[in-house]
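Lettering of chains follows the sequences in order, A, B, ..., and the numbering in each one begins at 1. On a predicted model such as this, the values are computed, not experimentally measured, just so you know.
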Protein chains: 2
Amino acid sequence: MISHAEENYLKAIFKISEKEAKAASTNAIAAEMQTTAASVTDMLKRLAEKNLIDYEKYRGVQLTTEGSQVATALIRKHRLWEVFLVDKLGFSWDEVHDLAEQLEHVQGNNLIDRLDTFLGHPKFDPHGDPIPDAEGRWSFRQQVLLSTLKPGERAAVTGVDDHSPAFLQYLDQLGLTLGAGLELLERFPYDQSLRVRTPDGRELVLSEKVGQNLFVKIS
Amino acid sequence: MISHAEENYLKAIFKISEKEAKAASTNAIAAEMQTTAASVTDMLKRLAEKNLIDYEKYRGVQLTTEGSQVATALIRKHRLWEVFLVDKLGFSWDEVHDLAEQLEHVQGNNLIDRLDTFLGHPKFDPHGDPIPDAEGRWSFRQQVLLSTLKPGERAAVTGVDDHSPAFLQYLDQLGLTLGAGLELLERFPYDQSLRVRTPDGRELVLSEKVGQNLFVKIS
DNA sequence: TATAAAATTTAGGTTTGTCTAAAAATTAAT
DNA sequence: ATTAATTTTTAGACAAACCTAAATTTTATA
């Protein structure tokens with residue numbers, strides 16, 4: 001039996017390992033979980049005991065195959081619930097994280113596969129993040145950060161790196177929701193801000209920060 | 001802040017009070033919660049401290065107005081999720097209790113009202129139990145136990161008193177799902193078993209126990 | 001390479017929710 | 001109205017998950 005708290009730690013470790021490629025440090029986990037390093041050490045011992053992580057004192061941790069499977073299943077649940085909340089209940093993409101965080105812990109035999117069927121087997125969640133299938137396989141997509149585009153290139157918004165409500169709401173305001181098209185007109189060398197044009201002819205200036213947090217697919 | 005465990009106790013007390021009309025006893029709560037009397041006493045102190053119940057040592061408990069509101073909201077959530085699981089995800093009525101038991105604890109501003117809207121504001125759950133509205137008002141229905149029918153009377157199934165999967169599955173097998181019509185042909189005095197006819201002409205003999213656990217509306 | 005700084009772990013505590021066994025109060029029965 | 005049976009509460013423990021403060025280990029720096 002894996003507790004909710006344990007599940008959350010596994011997910012946090014998975015998330016860190018995704019970005020960093022090396023063993024996840026106690027401090028990084030504490031930051032991700034918004035708790036103290038001491039609490040993390042406590043939990044790491046328990047997770048190691050259950051063979052969900054490989055843990056060596058002072059050396060950070062890595063998920064075992066089993067731990068990785070648990071984390072992947074959780075992410076699948078989280079993202080499917082997000083699709084449900086947005087597509088079926090009409091929530092906006094900046095409102096669903098906390099709800100999905102709770103829903104992902106609901107345990108039940110067929111629940112998630114039935115939900116998946118009900119939603120039409122979506123491959124990406126409302127933020128453009130891939131949803132692993134029942135066997136833990138991920139969908140990939142040719143996407144790059146907006147900041148890497150060259151002037152003249154056209155692209156469509158496919159996802160975000162920063163998932164904060166503030167960023168998502170700002171994108172809503174700009175009309176840069178998933179699928180929105182755009183063309184990079186120029187990059188100002190002074191601060192790396194970007195001038196882009198939308199299909200309806202509007203021109204926007206986006207900060208470097210926006211460019212580094214928005215994924216697009218070049219068309 | 002009310003914990004999941006506290007919520008479950010409030011719901012249990014509500015359920016007992018519904019049937020018994022008098023103060024709920026420690027033992028009755030322990031039975032309903034499948035735990036020990038000592039654990040119940042512990043919890044009752046906490047609930048009383050939070051003004052969710054009126055508690056006097058050795059005298060049983062009653063919900064306060066606030067406690068009753070919490071319990072009602074929980075029941076609303078539980079039953080709406082059951083409708084979702086049956087109507088949208090295709091679960092059968094004997095499979096949804098445990099899932100709804102978890103889903104009812106998910107906290108979120110508009111979640112339940114949005115779910116309610118999505119489901120079309122159902123008034124009854126898949127077992128025929130009423131779903132209180134957002135203000136805590138209950139729907140009532142003219143229903144009686146099948147065992148109270150007189151020979152010759154026709155009725156339709158509206159709900160169950162026994163919610164066990166075994167009973168629900170048996171009813172499925174008999175074709176006595178919600179809305180099913182029937183006519184009482186005779187009651188055998190020997191064991192109070194009932195001979196009934198269904199609209200498609202089938203005749204069934206139902207035990208006294210079935211008659212005392214099936215609600216019907218006389219037509 | 002010592003020493004300072006940073007990261008990590010240990011030690012010792014707290015809260016929530018549970019338990020068993022024993023004590024106390026209430027209710028039933030002779 | 002005592003005694004017996006039942007119900008309820010208290011006492012004392014335990015596990016999970018967290019905390020702060022202190023000790024230890026690792027890493028960075030002079």
Base-contact (B) and sugar-phosphate-only (S) positions in nucleotides 14-22 of chain D, heavy-atom cut-off under 4.0 Å, - elsewhere: --SBBBBB-

Residues in contact with DNA chain D, drawn from residues 49-61 of chain A - heavy-atom cutoff 4.0 Å: A:Y58, A:R59

Would you please confirm or rule out a distance under 4.0 Å between OP1 or OP2 of [N] and any side-chain N or O of [X]?
X: A:N27; N: C:dA6; answer: no
X: B:T26; N: D:dT9; answer: yes
X: A:T41; N: C:dT10; answer: no

B:E56, CD: over 12 other non-hydrogen atoms inside 6.0 angstrom: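 No.
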
Mutual orientation of the aromatic rings belonging to A:F14 and A:W138 [parallel < 30°, tilted 30-60°, perpendicular > 60°]: parallel

Ring geometry between A:H105 and A:H4 (parallel below 30°, tilted from 30 to 60°, perpendicular above 60°):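 The arrangement is parallel - the two ring planes meet at less than 30°.
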
Side-chain H-bond candidate by donor/acceptor type, A:N27 with A:S25, under 3.5 Å: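 Absent: no donor and acceptor within the cut-off.
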
Option passing salt bridge (Lys or Arg N to Asp or Glu O under 4.0 Å) with A:R76 (candidates A:D116, A:D129, A:D133, A:D125):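 Going through the options one by one, the only one that passes is A:D116.
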
Cation-aromatic face contact B:K88/A:F84, 6.0 Å, 45 degrees: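 No, B:K88 does not lie over the aromatic ring of A:F84.
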
A:H97 and its ring pair (Phe, Tyr, Trp, His ring centres under 6.0 Å) partner, picked from A:H127, A:H163, A:H78: A:H78

Closest non-hydrogen atom pair, B:L85 against B:A100: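 It is CD1-N, 4.1 Å.
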
